[in-house]
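These notes are about the structure you will find just below.
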There are 2 protein chains.
Amino acid sequence: MNLKELAQKLGLSPTTVSRALNGYPEVSESTRARVTAAAKRHNYRPNTRAIRLATGRAMAIGHVIPTASRHEIMNPVFADFIAGAGETYARNGYDLILSIVPDDDEDRIYRDLHARGTVDGIIVHGPRLNDPRLRLLDDIGFPYVVHGRATGTVTPYSWLDVNNRRAFRRATEFLLDFGHRRIALINGLEFMDFAIRRRTGYLEALAARGIAADPDLMSSEEMTELRGYRAACAMLRHDAPPTAFLASSMISGLGLRRAIEERGLRLGTDISVIIHDDALSYLPNGDDVPIYTATRSSVREAGRQAAEMLLDIIAHPASAPQQRLLEAELIIGQSTGPVPAPRRS
Amino acid sequence: MNLKELAQKLGLSPTTVSRALNGYPEVSESTRARVTAAAKRHNYRPNTRAIRLATGRAMAIGHVIPTASRHEIMNPVFADFIAGAGETYARNGYDLILSIVPDDDEDRIYRDLHARGTVDGIIVHGPRLNDPRLRLLDDIGFPYVVHGRATGTVTPYSWLDVNNRRAFRRATEFLLDFGHRRIALINGLEFMDFAIRRRTGYLEALAARGIAADPDLMSSEEMTELRGYRAACAMLRHDAPPTAFLASSMISGLGLRRAIEERGLRLGTDISVIIHDDALSYLPNGDDVPIYTATRSSVREAGRQAAEMLLDIIAHPASAPQQRLLEAELIIGQSTGPVPAPRRS
DNA sequence: TAGCCTGTCCAAAGCGGTTTGAAATTGATT
DNA sequence: AATCAATTTCAAACCGCTTTGGACAGGCTA
């Protein structure tokens with residue numbers, strides 16, 4: 001059942017039927033009622049492909065997920081971010097198109113997506129230092145919103161980010177206030193922007209108290225359980241081991257905990273740990289009382305908001321770039337406490 | 001730059017240009033060369049929306065991910081499955097459209113996707129017992145492939161699944177061979193088909209050795225770290241605690257390990273554990289030597305193959321439903337061993 | 001009564017490709 | 001030289017919608 005057939009059945013022109021269904025004013029309320037009734041009865045659904053061609057809009061948003069070709073990691077936060085964004089799209093009649101792309105091919109994909117009119121805009125995932133993609137997208141005039149930021153880019157662009165620097169600064173200060181002086185950082189890979197900012201916040205907090213950062217206590221790895229475990233093991237073997245850890249993700253945090261408990265140390269008593277909690281649905285941080293003290297920020301909510309920003313930018317192309325900085329909460333769990341009295345061994 | 005303009009520049013008709021670019025034989029090789037050269041020079045990209053309308057094909061596949069409205073879990077295996085499927089789509093010029101849908105609304109979404117011609121086919125995720133979606137999709141004549149199976153559905157349909165029953169049967173037998181008699185199962189939610197099959201395999205193995213299953217040693221929960229931990233704690237407090245565990249996912253397995261080590265027990269020595277390992281990229285099971293003994297099957301590879309099946313079904317609509325059963329490997333890690341001699345406490 | 005809005009409706013022209021059916025060209029055959 | 005088939009090219013229809021630019025009827029004003 002297409003528009004023409006429906007119009008014929010009603011004895012109306014396609015024009016009128018189209019307008020009736022799309023809420024245009026130049027149609028009498030009585031015929032509008034007739035049309036909507038008939039449309040429902042024959043369960044007419046306008047063909048997406050035709051609408052898209054006729055209107056020149058794709059009614060779709062592209063999410064381009066780079067899979068760094070070397071290590072094929074599919075960042076687990078994407079799933080929740082996309083779930084959040086998907087809610088916004090669904091409400092607004094947009095589709096979500098997902099491209100998983102080896103990152104040496106991204107240029108071509110972006111150009112294609114734009115030139116072929118497959119999507120109306122893009123969410124940029126996983127921004128790096130001086131990320132060249134933003135320049136490219138600006139050049140071809142493609143609306144986009146970055147999830148995160150790209151340190152080094154000077155021209156204004158639209159982004160939505162968590163205040164990673166402040167979150168990690170606060171977390172570090174919190175540990176310092178407990179008397180910790182040897183605080184380790186188990187970070188993500190530091191060509192990723194978020195990891196750079198977290199390190200900065202951590203270093204700022206240390207510097208503000210006049211504490212020199214120890215390179216031995218800073219690791220920068222993929223955020224898997226195993227890497228977290230390994231990094232923590234190495235640090236705990238140190239002559240002057242850390243009394244507290246900062247971990248960049250829940251998953252690293254699980255590995256970290258394993259390393260700690262394996263040594264017979266108790267989390268929150270012998271060793272303090274703060275993680276960053278993206279509030280992933282399948283990795284809840286306890287039910288009522290959080291297990292980990294954490295800097296928390298829902299990546300799902302970030303997805304919702306980033307999608308809203310992008311739709312707004314698409315609707316108002318002339319407007320200036322938008323930015324939104326979400327603050328992470330510092331939530332207190334059972335994984336932090338004062339520095340224990342030195343044990344005699 | 002569109003087809004008409006390109007044709008004009010070349011002094012050819014749009015027809016010829018279109019055919020030249022699409023490899024039709026009724027075009028001389030010399031003009032084809034001219035056309036392709038010009039297309040590249042002006043970097044002409046045919047408009048997706050126009051192609052879709054003209055050909056009547058969406059060149060897109062829908063992945064409908066149900067978020068059971070009660071518990072908003074975004075299953076982490078989706079990310080890797082989709083990454084695998086995405087590779088196949090990219091190779092074949094298809095887009096991947098992702099809809100995250102509260103599961104009371106799925107009917108409408110499927111009907112819409114079909115009637116509006118947004119996608120050419122569907123991958124059905126997370127099949128349940130007697131899943132009503134398959135019936136619906138058959139009724140409206142929508143090509144689809146199920147990731148998993150739907151016990152209770154009698155009419156043939158296309159699916160790709162891991163042999164969950166055999167995998168868990170083998171895993172259980174492996175533990176039995178080590179002398180374990182109290183073997184616990186930490187399963188996923190048992191309205192999910194895969195969970196039912198895993199339990200079946202487990203029960204079969206026990207029954208074959210004449211061992212009665214103990215309901216206290218079987219839990220059925222969301223597969224999060226915390227649930228795994230809780231379930232394991234409860235079982236370890238049992239009067240006759242299990243000496244071995246089977247866990248339905250790596251994440252449950254992490255919680256399980258925590259419960260074990262928290263009690264001062266050693267994994268693989270005091271307590272044996274086998275998990276199911278979906279080979280998720282961000283949850284590797286060790287590098288060289290696997291940490292967990294596991295039934296392993298790459299969900300990413302499953303995504304690749306399911307996508308291939310679906311594209312094939314779309315290309316040959318008349319063909320019979322296809323099925324593919326992947327066998328899981330049983331890989332031996334460090335988490336299993338013989339039953340320890342009873343300790344005196 | 002003519003002229004002018006206003007409110008409804010419609011024919012037709014897009015959107016940018018593909019595809020059908022026919023025309024023009026070429027080469028081989030008689 | 002004429003005929004025919006094969007090769008190459010093209011004009012036009014089509015996909016199913018939106019949107020432009022009227023047309024038409026009825027009520028008002030001048």
Quiz item: Are there more than 12 heavy atoms of other residues, nucleotides or ligands under 6.0 Å from atom NE2 of B/His316?
Solution: no
From CE of A/Met59 across to C1' of C/dC15 the rounded distance in Å is 16 Å
Atom CG of A/Leu21 and atom P of D/dT18 are separated, to the nearest Å, by 8 Å
Applying salt bridge (Lys or Arg N to Asp or Glu O under 4.0 Å) to B/Asp112 and not counting sequence neighbours gives A/Arg45, B/Arg116
Checklist entry - Checking all strands, does A/Leu3 fall into the base, sugar-phosphate, or nothing category for heavy-atom contacts under 4.0 angstrom? => result base
Has A/Tyr24 got a side-chain N or O lying under 4.0 Å from the OP1 or OP2 atom of D/dT18? no
### Message
Looking only at the aromatic ring of each residue, does the gap between the centers of B/Phe194 and B/His147 stay below 6.0 angstrom?
### Response
no
Applied to residues 93-118 of chain B, the ring-ring contact (aromatic ring centres under 6.0 Å, His included) test, sequence neighbours excluded, yields B/His114-B/Phe142
*Taking OP1 and OP2 of D/dC15, is either one under 4.0 Å from a side-chain nitrogen or oxygen of A/Asn47?*
no
Using a 4.0 Å heavy-atom cut-off, does B/Ile51 contact any base of the nucleic acid, only the sugar-phosphate backbone, or nothing at all? sugar-phosphate
Taken in chain and number order and not counting sequence neighbours, the residues that satisfy salt bridge (Lys or Arg N to Asp or Glu O under 4.0 Å) with A/Arg133 are A/Glu106, A/Asp131
Taken to the nearest whole Å, CE/B/Met1 to P/C/dC15 is 15 Å
Scoring nucleotides 8-13 of chain C by protein non-hydrogen atoms under 4.0 Å (B base, S sugar-phosphate only, - none) yields BBBBB-
Assign the ring pair A/Phe78 / A/His125 to parallel, tilted or perpendicular, where the plane angle (0 to 90°) is split at 30° and 60°. perpendicular
Next item on the list: Return no unless some side-chain N or O of A/Ser18 is found under 4.0 Å from OP1 or OP2 of D/dT18.
Entry: yes
Taken to the nearest whole Å, NZ/B/Lys4 to C1'/D/dA11 is 13 Å
Whole-Å distance, A/Arg49 CZ to D/dT18 P, equals 15 Å
Is it true that B/Tyr144 and B/Asp138 share a donor-acceptor pair across their side chains at a distance under 3.5 Å?
yes
Atom CG of B/Asn22 and atom C1' of C/dG17 are separated, to the nearest Å, by 10 Å
Under a 4.0 Å heavy-atom cutoff, the residues of residues 108-118 of chain A touching DNA chain D are none
Distance-only check: which donor-acceptor pairs under 3.5 Å involve side-chain atoms of residues 5-15 of chain B, not counting sequence neighbours?
{"unit_1": "B/Ser13", "atom_1": "OG", "unit_2": "B/Thr15", "atom_2": "N", "d": "3.4"}
{"unit_1": "B/Ser13", "atom_1": "OG", "unit_2": "B/Thr16", "atom_2": "N", "d": "3.2"}
{"unit_1": "B/Ser13", "atom_1": "OG", "unit_2": "B/Thr16", "atom_2": "OG1", "d": "3.2"}

- Message: Is the phosphate of C/dG16 approached by B/Tyr44 (side-chain N or O, under 4.0 Å from OP1 or OP2)?
- Response: no
- prompt: Near B/Arg135 CZ, under 6.0 Å, is it more than 12 heavy atoms from other residues, nucleotides or ligands?
  reply: no
B/Asn2 CG to C/dT18 P, in whole Å, measures 12 Å
